[in-house]
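Have a look at the structure below before the remarks.
If you're wondering where the values come from, they're calculated on a predicted model, not measured in any experiment.
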Amino acid sequence: MRVLDGETLSPPPVWLMRQAGRYLPEYRQTRAKAGSFLDLCYSPEHAVEVTLQPIRRYGFDAAILFSDILVIPDAMKRNVRFTEGHGPEMDPIDEDGISRLEVDGVIDYLKPVFETVRRLRAELPGETTLLGFCGAPWTVATYMIAGHGTPDQAPARLFAYRYPKAFERLLMLLADISVEYLVRQIDSGADAVQIFDSWAGVLGEKEFEAFAVKPVARMIAALKARRPNARVISFAKGAGYLLKTYRRKTGADAIGLDWSVPLEFAVELQREGAVQGNLDPMRVVAGGQALEEGIDDILAQLGGGPLIFNLGHGITPQADPENVRLLVERVRRSGY
């Protein structure tokens, strides 16, 4: 939280995206007990357990609520399901479907998530930050339009060109319901929140402004108007040079950086406030020298400013838990 307010700490705080996940044997055991992936997300008992597992194992400085960005369309009755080997799927939406979308009842549907946040805040050590999160409107919309993930989100991009008014309505509707979702997470005990725009990198300059910047700026302004102490990390994966003005235009307190962002550019971005990232997750899989050099390079370039050490995207299932332990130890040793 101090880093989100612009303070430089040595060593920097560290957590990892997807730190609760399939690379941990204890996660796989809980996942098997829970049933489906969505059952895991909506069961406070199981969601609390998997959120706490990496905190117990590694002592990360932040725990992130275990859930998924697609609980919002699930609450909108889009028949979301997760199929092993296929990823998320849902009923695709068209122009007429967007005009008929209802948000009544969405927040009530998500009450189990808020209960998970409440229980986590009660069980976590006081010094451990609790992060809530949601998907950014553009990224969530891409799944709603196509009905599944695609390599370049061409269905959503094409839809946006053909039906600009309907697409804008979808983005703004998602922005507004996501604000309500984040407000409830904060009220339930989240210290800060992260907005995941995992598919920002497929957008051109003009589209990035309209689909990635505008809805997130709307969200952060509304969130801070209602909860002035709210702190927001926004992660526009793959945005590259477009990150140059992203913080100023969105109002984010910190910006997440993926592993493709050059550290020289990251230093420039850090002059305006906290940055989070940006180790390549494959270095955690590789371990050894590749892991050590990646960590050291980030600390050498960004350790002199406000930094939250993280990966440049989520940890992968094939990562060795021992390498994660070595990562945390190396980051923590850097301050002494």
Side-chain angles (χ1 to χ4, degrees), residues 4 6 17 69 72-73 98 132-145 152-183 192-228 230-262 265-266 268-278 308 310 312-313:
L4 289 179
M17 289 181 275
I69 64 170
I72 293 276
I98 291 171
F133 76 93
C134 71
W138 159 252
T139 287
V140 175
T142 63
Y143 290 99
M144 293 182 72
I145 297 294
D152 56 4
Q153 301 300 6
R157 287 157 53 211
L158 186 60
F159 185 96
Y161 291 135
R162 285 179 169 165
Y163 311 105
K165 288 184 179 176
F167 192 67
E168 183 178 29
R169 181 177 190 272
L170 177 60
L171 290 180
M172 295 307 125
L173 195 66
L174 287 169
D176 292 343
I177 197 66
S178 296
V179 168
E180 192 63 43
Y181 182 49
L182 293 180
V183 165
V193 293
Q194 177 158 314
I195 300 171
F196 285 86
D197 214 347
S198 306
W199 287 102
V202 303
L203 294 169
E205 182 178 10
K206 188 175 180 182
E207 293 74 31
F208 183 79
E209 191 74 25
F211 306 156
V213 171
K214 183 179 176 183
V216 170
R218 178 186 179 106
M219 286 175 62
I220 294 175
L223 179 61
K224 288 183 176 266
R226 294 178 61 182
R227 301 295 181 269
R231 295 292 176 267
V232 183
I233 306 163
S234 196
F235 178 49
K237 182 177 179 288
Y241 186 73
L242 295 172
L243 290 172
K244 186 172 176 66
T245 58
Y246 185 71
R247 186 198 310 265
R248 272 170 275 159
K249 288 179 176 178
T250 61
D253 298 287
I255 52 175
L257 310 177
D258 67 79
W259 68 89
S260 71
V261 175
F265 182 39
E268 188 180 329
L269 296 171
Q270 195 185 44
R271 292 191 188 109
E272 294 187 1
V275 294
Q276 177 177 278
N278 67 331
I308 299 167
N310 207 313
H313 199 218

Completion exercise
On a heavy-atom basis, the closest approach of Leu203 and Leu242 is O-CD1, 4.4 Å
Handout entry: Whether Thr139 side chain and Ser198 backbone form a donor-acceptor pair below 3.5 Å
Key = yes
Fill in the blank from the handout: Shortest non-hydrogen pair, Ala266 vs Val275, comes out as O-CG1, 4.3 Å
Exercise for the section: Using a strict cut-off of less than 4.0 Å between a Lys/Arg side-chain nitrogen and an Asp/Glu carboxylate oxygen, indicate whether Arg157 and Glu207 qualify as a salt bridge. Expected result: no
Handout entry: Electrostatic pair Asp253:Arg247 at N-O distance under 4.0 angstrom
Key = no
Fill in the blank from the handout: Output for pair (Gln194 CD, Leu182 CG), nearest 0.5 Å, gives 11.0 Å
Practice task
Could you tell me whether Tyr163 and Phe159 have their ring centroids closer than 6.0 angstrom?
Solution key: yes
Exercise for the section: Mind listing the closest non-hydrogen atom pair of Cys134 and Ser178 along with its distance? Expected result: SG-CB, 4.0 Å
Exercise for the section: Could you walk me through whether Ile195 and Phe235 pass the side-chain contact (heavy atoms from CB on, under 4.5 Å) test, one step at a time? Expected result: CA-CA 6 Å; Ile195 300 171; Phe235 178 49; over 6 Å; no
Practice task
Flag the pair Lys249 / Lys214 as yes when at least one side-chain heavy-atom distance between them is below 4.5 Å, and no otherwise.
Solution key: no
Exercise for the section: Could you tell me how the ring of Phe167 sits relative to the ring of Trp138: parallel (under 30°), tilted (30 to 60°) or perpendicular (over 60°)? Expected result: perpendicular
Practice task
Output the distance between atom CG (Leu257) and atom OH (Tyr246), rounded to the nearest 0.5 Å.
Solution key: 11.5 Å
Practice task
Could you tell me which non-hydrogen atom of Ile233 sits nearest to which non-hydrogen atom of Gly256, and how far apart they are?
Solution key: CG2-N, 4.2 Å
Handout entry: N/O donor-acceptor pair under 3.5 Å between Arg231 side chain and Val193 backbone
Key = no
Handout entry: Where Ala136 and Asp197 come nearest, the two heavy atoms and their spacing
Key = CB-CG, 3.3 Å
Handout entry: Heavy-atom side-chain contact between Asp176 and Arg218 under 4.5 Å
Key = yes
Exercise for the section: Can you label the angle between the Tyr241 ring and the Phe265 ring as parallel, tilted or perpendicular, going by 30° and 60°? Expected result: parallel
Problem - Point-to-point distance, once rounded to the nearest 0.5 Å, from CG of Leu173 to CD1 of Ile98 - result: 9.0 Å
Exercise for the section: Without swapping roles, check the side chain of Asn310 against the backbone of Gln276 for a donor-acceptor pair under 3.5 Å. Expected result: no
Fill in the blank from the handout: Separation between CG (Leu243) and OG1 (Thr250), nearest 0.5 Å, reads 9.5 Å
Practice task
Report yes if some heavy atom in the side chain of Pro137 is under 4.5 Å from a heavy atom in the side chain of Met172; otherwise report no.
Solution key: no
Exercise for the section: To the nearest 0.5 Å, tell me how far His313 NE2 sits from Lys237 NZ. Expected result: 5.5 Å
Handout entry: Criterion side-chain contact (heavy atoms from CB on, under 4.5 Å) on Phe211 and Leu171, from CA distance to verdict
Key = CA-CA 7 Å; Phe211 306 156; Leu171 290 180; 3.7 Å; yes
Problem - Asn278 side chain vs Ser260 backbone, donor-acceptor pair below 3.5 Å - result: no
Problem - Nearest heavy-atom neighbours spanning Leu4 and Ala254 - result: CD2-CB, 3.5 Å
Practice task
Rounded to the nearest 0.5 Å, what's the gap from NZ on Lys224 to CE on Met219? Could you check?
Solution key: 12.5 Å
Practice task
Salt-bridge test for Glu180 and Arg226: reply yes if a basic N is under 4.0 Å from a carboxylate O, no otherwise.
Solution key: yes
